[in-house]
Amino acid sequence: MIAQGHPRSIGKHVPRREDPYLLRGEGRFLDDIAEPKDTLFLSFAMSPHAHARILAIRTDAASALPGVVAVYTAEDMARFVKPIRTVIEIQGYRASSRMVLAQDEVRFVGEHVAVVVAEDPYIAQDAAELIEVDYEPLPAAVRLEEADSESAPLVHEDIPRNVMFEAAFASPDFQAAFESAEMIVSETFRTGRVAGVPLEPRGCLALLDHVADSLLFYTSTQIPHLARTALSEILDFPEPRIRVVTPEVGGGFGTKAQFYTEEVVTAALALNLRRPIKWVQDRREELLTSIHARDHIYRLEAAIDGEGRIKALRTDLTTNAGAYSSYPFGCTLEATGGARMIVGPYDIRNYAFHTRAIATHTCPSGAYRGVAQPSCFMAIEGLMDRIGRKLGIDPATVRQRNLIRSEQLPYTNVLGVRYDTGSYEECLRRALERVDYWNFRKRQAEARDDDEVLRGIGICCFTEVAGAGSGGWRVRGLTKVPGFDSASIKVEPTGKVTLLVSQAAAGQGHLTTFAQVLADYLGVKVEDVFVSEGDTATAPYGTNTFASRGAVAAGGAVIKAAQSLRQKIARIAAFLLDVDVERVELTESKAIDKENPEKSVDFRQVAQIAYSMTSVALPQGESFGLEVVEMYDPPLATWPNAVHAVVVAVDRRTAKVSIEKYVVVHDSGRLINPMIVDGQIHGGIVQGIGEALMEQIVYDEDGQMLNANLLDYLMPMALDVPQIDISHIETPSIDALGGFKGVGEGGVIGAVPAVTNAVADALARTGANINRLPLRPSYLLREMRRRQLAVDGDRK
Amino acid sequence: MSQATSLRKTDVTLTINGKSYTRQVEPRRLLVDFIRHDVGLKATHIGCEHGVCGACTVRIDGRTARSCLHFAVAVQGAEIETLEGLSADGRLAGLQKAFHDAHGLQCGYCTPGVLLTAEEFLSENPEPSEQEIRAALSNNLCRCTGYVNIVKAIANAARDRDKTTADPAGESRK
Ligand code: FES
Ligand code: FES
């Protein structure tokens, strides 16, 4: 497929093309786009109540402020905007419908009730504060545990008991296996509510092109194509007349893989007022309204034998959906993800789950990096450690006994999901070695009760669903998420190559990596390739950028497109070289005669003929141009796997956690650019460390968010994080073109469980049972003391 | 709340990257908005507007500061430097190269603030330890890189400052 002798680009640390302009501060993020002089700015009035009836909205004072052009409420908006309804075709799902401005009732603090349009953003904000709303406060269901009860206030009248989604599964022999096992190990795990918090908040800019009567919509999103389709449907405006462009995006992490109400409002008002409209949120709004995630409760029961092998596993999962199903993934994503992914790299043949998504009066949940995987692996990996403790078997050994062995691959798991390739045992073996596991255990055994720090080691073995194709989304009922991605290649008349992909990066370095892929598969010099994405006017339709799908889905599309275009290039070259087409090989932007390598023509010469720009006519039967578009539908999913192993020290007095060693052995198949891959893993790990140790969105019992700012929503800074030792195993996927498996989420998935287990292990000798996030010192101290009190009590 | 109705604009003159700019702005106009929107220099970013993230870092009279925490009127007459200025006159060339080689940026949104912080830090501490670099970054939030390669890039830049010839092999090789 790749020409012999072609200098390989895939697998190299190719420096990023994105860097030079970003390092000069020339990246154009949403708020950097120069808006036209007559642009109007939006500011939203937000609900101060978690749940209330809207009795009256008075907008006169706001409207009277000089510089204010208009004020809209839900009633005005309903004239030209349909509600957002997240369609999910799965049993047990109850759709909620959401108006872009709250109508009659507000369901979370921060929900928009009105919007001001003004000539200046400062004025818009002033006016939003002048909007007076009469509310009748209603009882709110804020905490997951409270909302999930018969007596809880209802979030939606038509959703009984706040159950937005419910599903169950049991494998045929589950019951028998569960009942006949020697013993049961069970635990409840409570994960914390966190958010992606990209450094650039969300925003959009809607411009009208009066000539073509069309809408040019800039938005800081990961899903330009899906956003365009949604806009068209919700606004009833023809899709071909909408062009969505993603500028430089300052971090996404799934937070920007949702389509939001503000995007609809901005576009709708531009069309309605016939003026450019801009909206940029501030950080408080960002934390109040961008999707939250991981507010989950896992109740696990494992039936095990005396060796620690899991004979049957039962999961009961409850997730907090927030007030509405976010778009397009909805409330089912975390609930199905956690319940389905938890079997991970383990050979568990009997499995049952019950999973639910519960509506609460809080911000909607959505697809934050890793989705439910950081939490479901925290649960199963926490259980592995407990099995070890219960039986007196080292937890690493428990894992070794349960892992899928390499000779079992390809392996179809208990849910019928195929893992094509993987390296579960090898990753664990190597991680234990690199973290010096057995020596650590020896030293740990010598630790004394009066040591000032407690040391612990935590492991997470995981598989990760990545690069899902259409089948993968359909299984989960997400029929509005297509699953394929696409690539368009144009060898221009000058012989240089334009590559358009259906992606929208937010820092992943796509302009570099896709050029590398094309270079190898088309036989073109990497510097001759120019990559562009994120503009629906030029890039072919696709599913866009989330769920670790870029390399797999769009990488596959690039390969497919390259394969079809190289045929044509080879045919024209064969004609020019006067040899059989089989003798032509493409390499380094040239077509050479394999049997006579001095004979060659370059891409430019071939292109000149294809575009009819020389005296030589195009061979008979060939069509003009050198362009191709291909869609690629990846398999159900690809299955990266990894092991994270972490050593922590916990100060016995202050319960401060320091990470002393962090080891990752990672397998995401064939690597395109190892430097970029490592960067993805680093970033994910640090988000995971944040999630495990400090991050938490806190609502009080009335549903007020107590930390909607970056002072109080703590995220890791440079001093909080360790050096990270990454090594790679490359087991190519055999199901996906190119062998890539995707790498966007693995870091965070492995980090949350590994760090949690390390802290739990450190504290195990105090008798504390650590099963909830985040692992703040206050919580750890309480658990240590609780146990100490119990011990002291026993002594008396 | 409704003070907006009576806000009088005043002339504010600032020197930004060696050029003088006078604009009529409200007393509450943030320095970062003056730089970005009144003057049109967009390298300085906004991540929080409450002094935590460091995306808006600039130099005011030679010291790094957060431009979201100052009103433009309050720094009347000051000399401001932004990434555009430092980049154009080549003072950042070493750091920029080090960040490129070590993959010290992903989305690039934090990068202008990080570069300004790093430049000031290295001028005061040319041979920093890793811990000192991490401490120097304690006012800059990055959500993408996990800081690993930012720290490495700054360490490499410090090392390469003394050398006349940089090591072009790059440090990210393993
Ligand atoms: S924008 Fe100034 S510190 Fe965040
Ligand atoms: S590179 Fe994205 S925030 Fe630092």
Side-chain angles (χ1 to χ4, degrees), chain A residues 13 15-16 18-20 22-29 31-32 34 61 65-66 122-123 126-127 129-130 196-201 248-253 282-283 506-509 674-676 678-687 689 709-711 715-719 721 723-724 747, chain B residues 1-5 26 28-29 33 36 40-53 55 82-84 87-88 92 96 99-101 103 105-112 115 130-131 133-151 170 172-174:
Chain A
H13 297 257
R16 297 199 326 163
E18 291 86 345
D19 293 349
L22 289 171
L23 285 164
R24 289 192 302 264
E26 290 165 8
R28 281 296 162 261
F29 297 87
D31 193 29
D32 304 337
L65 196 69
Y122 281 57
I123 296 174
D126 288 336
E129 286 178 24
L130 294 177
V197 199
L199 196 58
E200 179 209 28
E248 215 63 49
V249 174
F253 317 120
D282 66 22
R283 182 56 66 184
Q508 298 95 326
M675 172 189 83
I676 287 177
D678 286 355
Q680 286 293 313
I681 296 173
H682 293 152
I685 285 175
V686 170
Q687 279 178 318
I689 290 173
N709 65 72
L710 296 190
L711 262 184
M715 289 182 283
M717 304 299 292
L719 275 173
V721 300
Q723 280 295 347
I724 297 168
Chain B
M1 189 177 277
S2 57
Q3 81 271 43
T5 43
E26 289 176 350
R28 60 174 175 166
R29 189 79 172 159
D33 286 337
R36 287 177 50 78
L41 294 168
K42 303 289 181 77
T44 308
H45 295 155
I46 298 174
C48 68
E49 272 185 308
H50 46 252
V52 181
C53 74
T82 68
L83 175 59
E84 286 98 338
S87 180
L92 285 177
Q96 285 164 323
F99 271 69
H100 183 53
D101 290 344
H103 189 30
L105 65 156
Q106 290 183 26
C107 79
Y109 200 76
C110 68
T111 310
L115 289 173
E130 183 191 321
Q131 230 21 38
I133 296 174
R134 288 183 182 273
L137 288 168
S138 58
N139 289 325
N140 292 86
L141 185 62
C142 174
R143 194 62 163 163
C144 297
T145 63
Y147 307 100
V148 177
N149 290 339
I150 292 181
V151 172
S172 53
R173 308 296 181 278
K174 290 207 186 102

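We name chains A, B, ... by the order of the sequence lines, and we start the count at 1 in each one.
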Go through [options] and name the one with the most non-hydrogen pairs under 4.5 angstrom from chain B.
{"options": "A/Leu22, A/Val197, A/Leu719", "result": "A/Leu719"}
{"options": "A/Gly747, A/Gly252, A/Gly196", "result": "A/Gly196"}
{"options": "A/Gln687, A/Gln680, A/Glu248", "result": "A/Gln687"}
{"options": "A/Ile676, A/Val686, A/Leu710", "result": "A/Leu710"}

Mind listing the closest non-hydrogen atom pair of A/Asp19 and B/His100 along with its distance?
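In this case the closest contact between A/Asp19 and B/His100 is OD2-ND1, 2.8 Å.
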So which heavy atom on B/Arg143 is nearest to which on A/Pro716, and how close?
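Reported closest heavy-atom pair: NH1-CD, 4.2 Å.
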Is there a donor-acceptor contact under 3.5 Å linking the side chains of B/Glu130 and A/Gln723?
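Looking only at side-chain atoms, A/Gln723 and B/Glu130 do form a donor-acceptor pair, the distance falling under 3.5 Å.
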Under 3.5 Å, is there a donor-acceptor pair linking the side chains of A/Asn709 and B/His50?
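Not at all, the side chains of A/Asn709 and B/His50 share no donor-acceptor pair under 3.5 Å.
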Look up atom [atom1] in [X] and atom [atom2] in [Y], then write down how far apart they are to the nearest 0.5 Å.
{"X": "A/Arg24", "Y": "B/Leu115", "atom1": "CZ", "atom2": "CG", "value": "12.5 Å"}
{"X": "A/Met715", "Y": "B/Cys142", "atom1": "CE", "atom2": "SG", "value": "10.5 Å"}
{"X": "B/Arg28", "Y": "A/Tyr122", "atom1": "CZ", "atom2": "OH", "value": "7.5 Å"}
{"X": "A/Phe253", "Y": "B/Cys144", "atom1": "CZ", "atom2": "SG", "value": "3.5 Å"}

Only pairs of heavy atoms separated by less than 4.5 Å count here; which of B/Asn149, B/Ile150, B/Thr44, B/Thr111 has the most with chain A?
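It is B/Asn149.
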Go through B/Ala43, B/Gly146, B/Cys107 and name the one with the most non-hydrogen pairs under 4.5 angstrom from chain A.
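It is B/Cys107.
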Could you go step by step and tell me if B/Cys53 and A/Leu199 meet the side chain to side chain contact (heavy atoms under 4.5 Å, CB included) rule?
CA-CA 8 Å; B/Cys53 74; A/Leu199 196 58; 3.8 Å; yes
Can you tell which part of A/Gln508 gets under 4.5 Å to a heavy atom of chain B, answering side chain, backbone, both or neither?
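Neither; nothing under 4.5 Å.
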Which bit of A/Pro201 comes within less than 4.5 Å of chain B, counting heavy atoms only: side chain, backbone, both or neither?
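Contact with chain B: side chain only.
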Just by distance, do the side chain of [X] and the backbone of [Y] share a donor-acceptor pair under 3.5 Å?
{"X": "B/Arg36", "Y": "A/Asp31", "value": "yes"}
{"X": "B/Gln96", "Y": "A/Leu23", "value": "yes"}
{"X": "A/Arg28", "Y": "B/Lys42", "value": "no"}
{"X": "B/Arg134", "Y": "A/Ala718", "value": "yes"}

B/Tyr147 and A/His682, any side-chain heavy atoms less than 4.5 Å apart
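Side chain of A/His682 against side chain of B/Tyr147, heavy atoms only: no contact under 4.5 Å found.
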For residues A/Asp678 and B/His103, determine if any side-chain heavy atom of one lies less than 4.5 Å from a side-chain heavy atom of the other.
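Of all side-chain heavy-atom pairs linking B/His103 with A/Asp678, none is under 4.5 Å.
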Give a yes or no on whether a salt bridge exists between B/Asp101 and A/Arg16, defined as a side-chain N under 4.0 angstrom from a carboxylate O.
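No, B/Asp101 and A/Arg16 are not salt-bridged.
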With a 4.5 angstrom heavy-atom cut-off, could you sort out which part of [X] is near chain A: side chain, backbone, both or neither?
{"X": "B/Asn140", "answer": "backbone"}
{"X": "B/Tyr109", "answer": "both"}
{"X": "B/Thr145", "answer": "backbone"}

I would like to know whether B/His45 and A/Asp32 meet side chain to side chain contact (heavy atoms under 4.5 Å, CB included); could you show each step before the answer?
CA-CA 9 Å; B/His45 295 155; A/Asp32 304 337; 4.0 Å; yes
